[in-house]
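Down below is the structure, laid out as structure tokens.
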Amino acid sequence: MSSFPGRMKEYPYISLDRFDHENLHARAYFLSHCHKDHMRGIKAPKLKRRLRSSRRVKLYCSPVTKELLLSSRKHLFWEEFIVPLELESPTQISLVDEASGESEEVVVTLLPAGHCPGSVMFLFEGRHGNVLYTGDFRLALGDAARMEHLHSGSRVKDIRSVYVDSTFFDPRFYQIPSREACVSAILRLAGDWMARGALHVLWLNCKAAYGYEYLFARLGREFNTRVHVNNLQMFRRMPEILSYVTTERQTQIHACRHPKGEKYLRGNRLPCGCRSRDGADLRVLSVKPTTMWFGERMRKTDVLIKSGSDAFRACFSFHSSYCEVKDFLSYLRPARVFANVVPMGCTLAEVTRMLQTTCRKRPRDDPAYKPLGLLKGRRAAPTPPRDGQSDDDDDGLFDGSPPKKKPPQRRRLPDERGGRTPPPPAPEEDSPPQPVAGDADREERTANFLDCTESNDDSEEDGRSEEDEQSEGDESGTKWRRRTGSEPPKWEDFFAAEPLPDSQKSLDGQSPPGRRAPEASGEREDDVDDIDDVDVDDDFSLSLSASASNHSSQNREAAEADEPTPPRLDFDIPCTPDSKRPSPEQLTALYRKLARGDDLSSAD
DNA sequence: GCGATCAGGT
DNA sequence: CACACCTGATCGC
């Protein structure tokens, strides 16, 4: 659960995912996704009052998040204040203090977060540097390298702070099977079961929250059916989701839940009480999406665990694993990282300490510090220099070796901005508020975590793994490039915002487009119908266009599951105004020094 | 009566 | 295991 207080140190006039307390005075609001723990205060009377008395405050979010937010009548009052922003389109926003008229510009870019429909990360670029707020995210290894807007030219942008989803940033949650592995296992299980006959139905025991929709969609497409859910109200503005769900109980796949206080679901019953036409008993296979994680050494990655005669737990995670978070941060190498979440059984100090590991080293004792650019494979002296692209300092967490001193980090230039977006240059040093955890005692007391128990080796009797290990089908080595669609639609369909008809962004800096043309989601509701917050029982008769469904067998293109190193951009020599490209000889000399672990400060 | 907070359950 | 959420109890306005 997010405990992010709502504001970032660099841009305190902005509030993100929080709408209470100090955040009541924000000059602009940002909502990363529609989960309640990121919406605190969003409908409080105090906030409504604030909005009414303001002419400028807006809420920025993705187009999908807008639709989901407005799906609840309680949030309809937001409509006139919402400014949906396309993903991956830098947009300049003016943060205006309405009393004084004082204003500050910031450029924001929404990046896909893979957490639930509409979920995004926010990259802010402005006077106080580049900062990234991730909201909640589930990104695969190497995803950061694929995000164009985290780069400037061929290099990673200089990021001052990352406010990161640290839900699973704890070595206990070392690895979580890839999303694709999990979904395809569920698809197979479902297929095997339902193939036994029409009386064999599947019940997905999902929590009440956005995030399972892509599962529904995959199942719907694969089996040309719809998933039974309790009500459609939460999807009413999302036609492409609506087309995979139904309130009609006569379907083989259910994700319904027990209405109220009824608990008589026992045995093999569906929560909706659905029975077969002739009254014969249904055979219900229950599948409970559950986060399952695996320790460092566990190569076994069963994504399905039998938990009863007709019951399975299926691996399913909304959040990135330790490895995925670490990969993400290690790639970006921000100056500082802040935890948005304190993982279970862990203190804020502990997470922060571990997060610090992924930061680039602050040249505290080296005032003459000169950024050198991206160096690959840089190791500390005691460690033999490794080449290849595993340039991650794996801080001795898992290799059984004694904790090493932190090796000098990759260094980078403070990004010269070559892009089209012109955020003003960041001031060099603005004494960071409190980059937690001093480091005098840099004993990585991570040893505590070395012997953490693995999660799932308790797999039961018939632990036949549906899928053996497999992992994301990421062609490693891909350049960061957005994939453009020609493949069958999948995850991205729901998790990236769909293109809006009006794609113009508010670049004028003074007044964001307060009112928008009809959204892409079709179903423009002009005045809200009578759908109440409770049960809607209409059967939306939507055509189930099951056109694409043939990508089921392309399940795995195995990439090594335990190969945590993402594709890296190549070694790059900085092109600072005051430096020139080193000659090959100079480079060779530099490499020699690096290999010996020599001090580089004397280098020239 | 409403909101905020916490405990307990799924 | 957790997640995200709901319900109900309690306290304060």
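Protein chains get the first letters and strands the later ones, always in sequence-line order, with residue 1 at the start of each.
- The side chain to side chain donor-acceptor pair (under 3.5 Å) test applied to A/H38 returns A/D17, A/D136, not counting sequence neighbours.
- Chain A approaches DNA chain B over the interval B/dA4 to B/dT10, counting the first and last nucleotide 5' to 3' with an atom under 4.0 Å from its heavy atoms.
- Atoms CG (A/L68) and C1' (C/dA4) sit 15 Å apart, rounded to a whole Å.
- Distance A/K207 NZ to C/dC3 P: 11 Å, rounded to the nearest Å.
- For C/dA4, one of the phosphate oxygens OP1 or OP2 lies less than 4.0 angstrom from a side-chain nitrogen or oxygen of A/H319.
- Using a 4.0 Å heavy-atom cutoff across all strands shown, A/D136 reaches sugar-phosphate atoms only and no base atom.
- At a threshold of 4.5 Å between non-hydrogen side-chain atoms, the residues A/P112 and A/E88 count as touching.
- Other residues, nucleotides and ligands place more than 12 heavy atoms under 6.0 Å from the NZ atom of A/K48.
- Note: CZ (A/F318) to P (C/dC3) measures 11 Å, nearest angstrom.
- Between A/F328 and A/F137, the gap from one ring centroid to the other is short of 6.0 Å.
- Rounded to whole Å, the distance from CD1 on A/I176 to P on C/dC1 is 15 Å.
- The distance between atom OH of A/Y210 and atom C1' of C/dC5, rounded to the nearest whole Å, is 13 Å.
- When only modelled atom types and interatomic distance are considered, A/S307 and A/R313 share no side-chain donor-acceptor pair under 3.5 Å.
- C/dC5 atom C1' lies 13 Å from atom CG of A/N205, rounded to whole Å.
- Within 4.0 Å (heavy atoms only), A/S317 reaches no atom of the nucleic acid at all.
- With hydrogens and angles disregarded, no donor-acceptor distance shorter than 3.5 Å links the side chain of A/K36 to the backbone of A/M39.
- In this structure, CZ of A/F168 is placed 12 Å from C1' of C/dA4, rounded to the nearest angstrom.
- Side-chain contact check for A/T65 versus A/V120: every heavy-atom pair is 4.5 Å or farther apart.
- Summarising the geometry, the separation between NZ on A/K36 and P on C/dA4 is reported as 12 Å, rounded to the nearest angstrom.
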